[in-house]
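Since the structure comes first, as structure tokens, the remarks are kept for the end.
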Amino acid sequence: MEKLSVAEARRAEAIGRQVRLQGWVRTRRDSKGGFSFLELNDGSCLGNIQIVAEGALPNYESEVKRLSAGASITVEGVVRQSPARGQLTEVQAERIVVHGWADPETYPLQKKQHSFEFLRTIAHLRPRTNTFGAVTRVRNCVCRSIHHFFQQRGFLYIHTPIITASDCEGAGAMFRVTTLELGQVPLRGQQVDYTRDFFERPTYLTVSGQLQVEAFACSLGKVYTFGPTFRAENSNTARHLAEFWMVEPEMAFYELADNMQLAEEFLKQLISDCLAQCAEDMAFFNERIDSQLLATLEGIVSSSFERLSYTEAVQMLQQAGERFEFPVAWGRDLQAEHERWLTERKLRKPVILYDYPRTLKPFYMRVNDDGRTVRAMDVLVPKVGEIIGGSQREERLDVLTERMQELHMNPDDYWWYADLRRYGTVPHSGFGLGLERAVQFITGMANIRDVIPFPRTPGNAEF
Ligand code: ATP
Ligand code: MN
């Protein structure tokens, strides 16, 4: 007897085969004729398979008729063509083994639709729902697609450290890493004596692997890092997590235009892979979450992204005749409302904004000849807003040092990073894509907490 997944057993090729299926009961329906239908799911696909359990099964009265949502079983039987509508196959059970019961009095996932807020309070059980199963498969597809995209193009996968001493870009507050006892921190004068700490210096959880991955780009050419990143920003939004995954490609000899081109091809590939490889899940999101989802994504794959300088975007916003909450002026940061107006209302497609004021961006972005702007780029998409942030890096040692001083950073702290410019410097570029923002965008899920297995946000780290 062969073990099949539900996904395999649902296909026409399975008809006539003697199989074993294992999973969790979604529903049981008893027929007047003295037999029952079970809907079985094992996570291999969105759909369930119907199990027909005859009254003649030895444990029919004692066990099968007590099965309820959440119970786990093994079913052995024959796959046959289903007379019912909406399903190709069903399984005629010859044996059903119950592994675990799920008391319907207490099992929280009964038939009715639960709110996503409620499901966050049972984050350990929500993978058993249709929506989280679908999110999980799409998230997996995006990760596979990320590796595939870069591997196909000859990029090397680099593992940058999680613990870091450089407080990178000032990209939001950082979590400290320490073995010091909080109640008895050693002091030297008024200051914490970090020489007594584990690493003998202040250390943090990384906000980005960029600085370290640059060392590999500036020797191996095309590289990417893909791992967890941490930001202690106290922003309770639908687009921010304290722990999220970021993929950061970094390429030697790439200028900003090459970087934009790569980012566009990359996003399109992730989308088209999900449309092709997770068609059932994507149809579910289109039906349940956002009825425009498939049309929007297909439109994005087949058209080109808009490219707009920050200066042009500011003009466009000023001429919009909209009443924004935050004022728009050259030199001010664009707020989410501005980004969304550009990508959702005005241009109605992904937009790459570039050449931002130098005062708004970190020290490592290349200064333009105008002296006022840097070679930054942000990719904005409808609903999510910023999904990618990147830049061409400053490869000139003197300009880099000047920028650090301007931002009150101590160049000595970045001696190793400066060495990459001191010895054999090259033009290079890279960007960061937030994995969860990408999954949010592709699934249409409104809240970023619902596209990561166990979300970390201010006040939430239970599971
Ligand atoms: P935002 O302005 O949206 O807070 P950012 O400009 O701080 O983002 P970057 O430092 O440019 O973000 O990080 C690169 C990418 O990482 C972003 O484009 C986004 O996709 C993702 N990202 C950044 N912060 C978070 C977060 N707190 N939670 C989830 N994803 C994030
Ligand atoms: Mn950014």
Side-chain angles (χ1 to χ4, degrees), residues 139 142 146 160 164 166-175 204-211 213 224-250 256 259-260 263-264 266-267 270 305 310 313 326 332-340 342-343 350-358 360-365 374-393 429-443 445-458 460-461:
R139 186 181 167 108
V142 172
I146 286 168
T160 48
T164 176
S166 44
D167 68 353
C168 201
E169 7 183 327
M174 303 181 81
F175 290 99
Y204 310 88
L205 293 178
T206 186
V207 294
S208 157
Q210 180 203 320
L211 300 190
V213 91
Y224 67 109
T225 176
F226 182 20
T229 49
F230 306 85
R231 297 190 185 180
E233 50 201 350
N234 208 346
S235 44
N236 258 307
T237 78
R239 311 179 308 132
H240 289 90
L241 292 163
E243 175 178 308
F244 64 99
W245 282 63
M246 184 144 63
V247 51
E248 297 175 275
E250 189 74 32
L256 191 68
N259 203 22
M260 291 188 204
E264 178 170 349
F266 178 51
L267 266 186
L270 301 188
F305 292 10
Y310 167 90
F326 294 90
R332 295 180 83 114
D333 234 336
L334 296 180
Q335 301 295 323
E337 56 170 344
H338 308 133
E339 297 179 345
R340 292 186 59 164
L342 286 167
T343 173
V351 184
I352 310 182
L353 293 186
Y354 62 92
D355 285 355
Y356 281 72
R358 70 189 277 169
L360 296 180
K361 292 292 184 183
F363 73 99
Y364 53 74
M365 295 191 178
V374 291
R375 304 241 80 187
M377 63 170 220
D378 276 4
V379 183
L380 316 177
V381 295
K383 294 214 164 162
V384 172
E386 182 189 327
I387 195 167
I388 284 178
S391 68
Q392 182 170 337
R393 317 308 186 188
S429 303
F431 61 81
L433 167 78
L435 173 66
E436 288 75 18
R437 297 241 178 123
V439 176
Q440 233 188 321
F441 180 54
I442 292 175
T443 58
M445 294 293 287
N447 197 309
I448 197 165
R449 300 164 197 219
D450 299 331
V451 300
I452 185 164
F454 297 101
R456 297 289 177 255
T457 53
N460 294 303

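Each residue takes its place number in the sequence, starting with 1. Start at 1 and go down the list; that is how both ligands and their atoms are numbered. Everything quoted here is computed from the prediction, not taken from an experiment.
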Would you say that Leu353 contacts Met377 through its side chain, given a criterion of any heavy-atom pair below 4.5 Å between the two side chains? no
Kindly indicate whether the side chain of Tyr310, heavy atoms from C-beta on, has any atom under 4.5 Å from the side chain of Leu360. yes
Rounded to the nearest 0.5 Å, how far does CD of Glu339 lie from CG of Asp333? 8.0 Å
I need the atoms of ligand 1 closer than 4.0 Å to a non-hydrogen atom of Gly432, numbered in the order shown. 14 (C), 15 (C)
Protein N, O or S atoms lying under 2.8 Å from the Mn ion (ligand 2), listed by chain and number: Glu386 OE2
At a non-hydrogen distance cut-off of under 4.0 Å, which region of Glu233 contacts ligand 1 (side chain, backbone, both, or neither)? side chain
When rounded to the nearest 0.5 angstrom, what is the spacing between CD1 in Ile442 and CZ in Arg139? 12.0 Å
Please work out whether the ring planes of Phe230 and Phe175 are parallel, tilted or perpendicular, with thresholds of 30° and 60°. perpendicular
For Arg239 and Ile448, which heavy atoms make the closest approach, and how far apart are they? O-CD1, 3.5 Å
Among Glu339, Glu243, Glu386, Gln335, which one has a heavy atom closest to atom 11 (O) of ligand 1? Glu386
Interfacing atoms of ligand 1 (cut-off 4.0 Å, heavy-atom, His240): 1 (P), 3 (O), 4 (O), 26 (C), 27 (N), 28 (N)
Under 4.0 Å, heavy atoms only, figure out whether ligand 1 is touched by the backbone of Ile448, its side chain, both or neither. side chain
Measure the shortest side-chain to side-chain distance between Leu270 and Leu433 over non-hydrogen atoms and say whether it is less than 4.5 angstrom. yes
Tell me the contacting part of Arg231 for ligand 1: side chain, backbone, both, or neither, using a 4.0 Å heavy-atom threshold, strictly below. side chain
Under 3.5 Å between some N or O of ligand 1 and some N or O of Gly434? yes
Which heavy atom in Pro350 sits nearest to a heavy atom in Val381, and how many Å separate them? CB-CG1, 4.1 Å
Do Thr229 and Phe244 have side-chain heavy atoms sitting under 4.5 Å apart? yes
List for me each residue that meets salt bridge (Lys or Arg N to Asp or Glu O under 4.0 Å) alongside Glu243, sequence neighbours excluded, and say none if there are none. none
Looking at Ile388, which atoms of ligand 1 are within less than 4.0 Å of one of its heavy atoms? 18 (O)
Run the numbers for me: atoms of ligand 1, each under 4.0 Å from some heavy atom of Gly389, listed by number. 11 (O), 18 (O)
Assess the residue pair Thr164 and Ser166 against the criterion (side-chain hydrogen bond (donor to acceptor under 3.5 Å, both in side chains)); give the C-alpha distance rounded to whole Å, side-chain angles, the decisive distance to 0.1 Å, and a yes or no. CA-CA 6 Å; Thr164 176; Ser166 44; 3.1 Å; yes
Looking only at distances, can you tell me whether any N or O atom of Met246, backbone or side chain, sits closer than 3.5 Å to an N or O atom of ligand 1? no
Contact check: Leu433 vs ligand 1, nitrogen or oxygen atoms, below 3.5 angstrom: no
